[in-house]
S.K.: 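Here's a structure for you.
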Amino acid sequence: MARLDPFFATPPMNGSPCDVSWLPLRRHLLAAGCLLLITGCHSASLVKVNNAHPFGAPKDDLLHPGKRSPVTKAMVAQHHRGSTPLEIVKQWDAKAAGSPALSNERLTLAEILCDEAARLEKKQPATAVGWYLQAAETAYPGALESHRKGTASPWLTLYNHACSETAKLSWAAFSGGATSRTFEGPLRTYQIKVADTKDRTFAPSYFDEIRTAENLKIHGYQVRETVTGIGGALVGGRRHTPERAVADPLMHSIGMELPVTATLQFAPSGKSDQVLLSLHDVLMTDKARLGPQEVTLAADFTAPLALLAALNPPKNAGKDAMLHPAKHLEETGLFQVEPLRSNKIPVILVHGLSKTPAVWAKAINQLRSDPEIREHYQFICFGYPSGFPAVFCGAALRHHLEEFQRVADPDRQNPLMKQTVLVGKSYGGVLSSLQIRDSGETLRELFVDRPLESIALPEHQRHSLESMLYFQHNPNIARTIFLVTPHRGTDVADKPIVALANRIIRYPADILFDGNVEEFPGLTELGRATLHAPPTSVMNLKAHSPILESVKSLPIGRKMPLHSIIGKIGDKPLPESNDKMVPYWSSHLDEAVSEIVVPTKHGHIAHHPDSIEEMRRILRLHLAELPGTARH
């Protein structure tokens, strides 16, 4: 993510303390052991599986090339031993003509067509499209009838499969912006016309790659969130490019992976060779119209997230960013997991110590499965190297939220922007707390005993200090959710092994101050210590640290509901309990309008079912309490 302010652009100096190669290996191993306290579960991943049944349903032979369902196998064996696929198709087309929508004749024909199309895919993709189109048209009446009755059926399965394969194979023909293309089927010629793109459909050229969701096997998620309906579930990949970054500055460098559903609409039998291909944005709508019938669209919401997680930085990226924060400075920023929507409320997710935004993938997965949340909210992640001190990271988040406002609502006229929900986990909760409070002179007085304007400093360095020590609450944030947040620190940070990890976290002091700063009159004891030994996140998290106690004392600038989600391990009374990392006395907030205690350890809180259900409850409550100006 591009840096947008010189304050966040200072590179580490050559020979800086970022190089920790001098440390004994033993210390590295001890520090790694310490970091196990703040690591979560394994990340989600995705593996491609050939010929998988949609959404992991029990396998049968319906979609397996070279195999056939018992009905089709029996019919072909009885009547067409030794016949070619084309000869079989011609004969069964005559049998299917005029037959009921849910007839075995149509089922047999559609299955044979899909079977042959799969065989042709690799060497003759354009020919395969024609066969898939013929299969989709054959199964189309049965799919609509099954959908109308609300029942699953092989006709619906074959239609959906043919839709997804047609969209995937024909994508290249439309990726350059073409809107019409002709394909030869085994029995007739088809002209695919791409549906007009509106706010609920995509142009094929929007994507750089399209994959079928049914062929992707998911690992690492509790639930694969899908919707049973009509259409072929796809994953549309859009790469990050310098040109796109100009128009869409919140796009992550790994790009976006979006859930898409393809439908093929056919004219009444024999009346036209035109087929309407639509790529539906199922994060915007779960309904579509096929002819006279409104249908519920099939969708797979988990596959895009799993694919995006698989493209994330290496497994230990979050730990490395904590230990060597200067090396990862350019990765700081907000990024979207779907295109920015002016009609959705932003939910800003801030990860904790040693983590990356991937920690939110499972929560996003389950929250987006709720149609009400999917319709009204958009999730945006903040990523940052978590070794830096809280005031520095808080200033970075503040800066990027201001940039988000400039990009998403430059005229400041969108009432939904003023209903933003902020969600912070652990150290990310501390950074979130810094966004909703007014500093006054409190933080400045911790470091300097006189106004900054009275100190002889270069203007750019004064600006850096002011960015960290002076701030007002973000007026767009209307509700904040804290997960296992150490508002008053943690005694874990006082342990010797953690102190060792703290010594390994190194970065040049000139990053904080935008250049070298000599000691000047007015520095407090904490100010002198900060100048000579730049603080780290671990130092800030010591129990009752002056930074955290000061932040906790700052007034909240906008009247808003606060919510706490707290972890607990063991049988101790609640006031004496902890989550193996943060004690209850630190994560508890008297000001919170709700508090739930989840029986899990610190690193698992973001994806625990109770936590996700509480976030779901809060987001729904937020919708119910929206002021009239924000309703739509």
Side-chain angles (χ1 to χ4, degrees), residues 48-54 59-97 99 101-143 153-173 181-192 210-212 214-215 231-232 234 262-264 266 269-270 273 275 277:
K48 184 173 180 180
V49 177
N50 291 325
N51 309 319
H53 198 281
K59 289 185 178 180
D60 58 26
D61 294 332
L62 195 61
L63 299 181
H64 284 260
K67 297 184 179 180
R68 287 169 180 158
S69 65
V71 172
T72 298
K73 190 183 298 183
M75 288 189 170
V76 172
Q78 182 178 356
H79 299 290
H80 304 287
R81 190 178 301 276
S83 300
T84 66
L86 181 58
E87 291 170 342
I88 297 172
V89 164
K90 288 179 177 179
Q91 294 178 48
W92 278 102
D93 180 63
K95 294 177 183 291
S99 65
L102 301 178
S103 68
N104 283 338
E105 288 80 8
R106 285 185 176 275
L107 174 61
T108 296
L109 177 58
E111 188 178 350
I112 293 169
L113 287 161
C114 282
D115 191 23
E116 181 63 11
R119 190 186 66 80
L120 294 167
E121 271 192 38
K122 286 188 177 180
K123 294 185 177 180
Q124 303 177 60
T127 303
V129 170
W131 283 72
Y132 277 126
L133 285 167
Q134 191 89 50
E137 183 180 25
T138 301
Y140 183 62
S153 75
W155 296 269
L156 186 58
T157 297
L158 288 166
Y159 170 79
N160 290 354
H161 176 69
C163 285
S164 60
E165 292 295 330
T166 296
K168 180 190 73 174
L169 294 171
S170 66
W171 165 80
R181 178 71 187 271
T182 298
F183 293 92
E184 290 292 335
L187 301 177
R188 60 185 296 191
T189 299
Y190 292 93
Q191 184 183 27
I192 295 183
I210 285 181
R211 283 162 277 207
T212 55
E214 68 187 31
N215 287 337
L234 304 164
T263 59
L264 295 167
F266 296 88
S269 182
D273 62 357
V275 185
L277 170 64

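Just the heavy atoms: all of them, side chains too, but no hydrogens, waters or symmetry mates, feed the values below.
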S.K.: If you look at every heavy atom in A262 and A167, which pair is closest and at what distance?
M.R.: CB-CB, 3.7 Å

S.K.: Partners of T189 by side-chain hydrogen bond (donor to acceptor under 3.5 Å, both in side chains), sequence neighbours excluded?
M.R.: E184

S.K.: Shortest non-hydrogen contact from G231 to T263?
M.R.: CA-CG2, 4.0 Å

S.K.: Rounded to the nearest 0.5 Å, what separation is found between the CD1 atom of I88 and the CD1 atom of I112?
M.R.: 5.0 Å

S.K.: With sequence neighbours left out, write down each residue that passes side-chain contact (heavy atoms from CB on, under 4.5 Å) with A136, or none if nothing qualifies.
M.R.: Y159, A162, L264, F266

S.K.: Pairs of donor and acceptor atoms involving the side chains of residues 121-133, under 3.5 Å and at least two apart or interchain, shall be tabulated with distances.
M.R.:
residue: E121; atom: OE1; partner: K168; partner atom: NZ; Å: 3.4
residue: E121; atom: OE2; partner: Y132; partner atom: OH; Å: 2.7

S.K.: Would you find a donor on one side and an acceptor on the other, under 3.5 Å apart, between the side chain of T84 and the backbone of E87?
M.R.: yes

S.K.: Report the C-alpha distance between H161 and C114 in whole Å, list the side-chain angles of each, state the deciding distance to 0.1 Å, and finish with yes or no for side chain to side chain contact (heavy atoms under 4.5 Å, CB included).
M.R.: CA-CA 8 Å; H161 176 69; C114 282; 4.1 Å; yes

S.K.: Can you measure from CD1 (I192) to OG (S170) and round to the nearest 0.5 angstrom?
M.R.: 4.5 Å

S.K.: Once side-chain hydrogen bond (donor to acceptor under 3.5 Å, both in side chains) is applied, do any residues pair with T212, and if so which ones, sequence neighbours excluded?
M.R.: N215

S.K.: Less than 4.5 Å apart, any side-chain heavy atom of K90 and any of L86?
M.R.: yes

S.K.: What is the distance from atom CG of L169 to atom CG of L120, rounded to the nearest 0.5 Å?
M.R.: 10.5 Å

S.K.: Determine which pairs satisfy ring-ring contact (aromatic ring centres under 6.0 Å, His included) with at least one residue from residues 101-126, sequence neighbours left out, and list them in order.
M.R.: none

S.K.: Compare all side-chain heavy atoms of L158 with those of T138 and state whether any distance is below 4.5 angstrom.
M.R.: no

S.K.: Run the side-chain contact (heavy atoms from CB on, under 4.5 Å) test against S103 and tell me which residues pass, sequence neighbours left out.
M.R.: S99, P100, E105, R106

S.K.: Give a yes or no on whether the backbone of Y190 and the side-chain of D273 come within a donor-acceptor separation of less than 3.5 Å.
M.R.: no

S.K.: Can you find a heavy atom in the side chain of V275 that is under 4.5 Å from one in the side chain of T166?
M.R.: no

S.K.: What are the two closest non-hydrogen atoms of S164 and G232, and how far apart are they?
M.R.: CB-CA, 3.7 Å

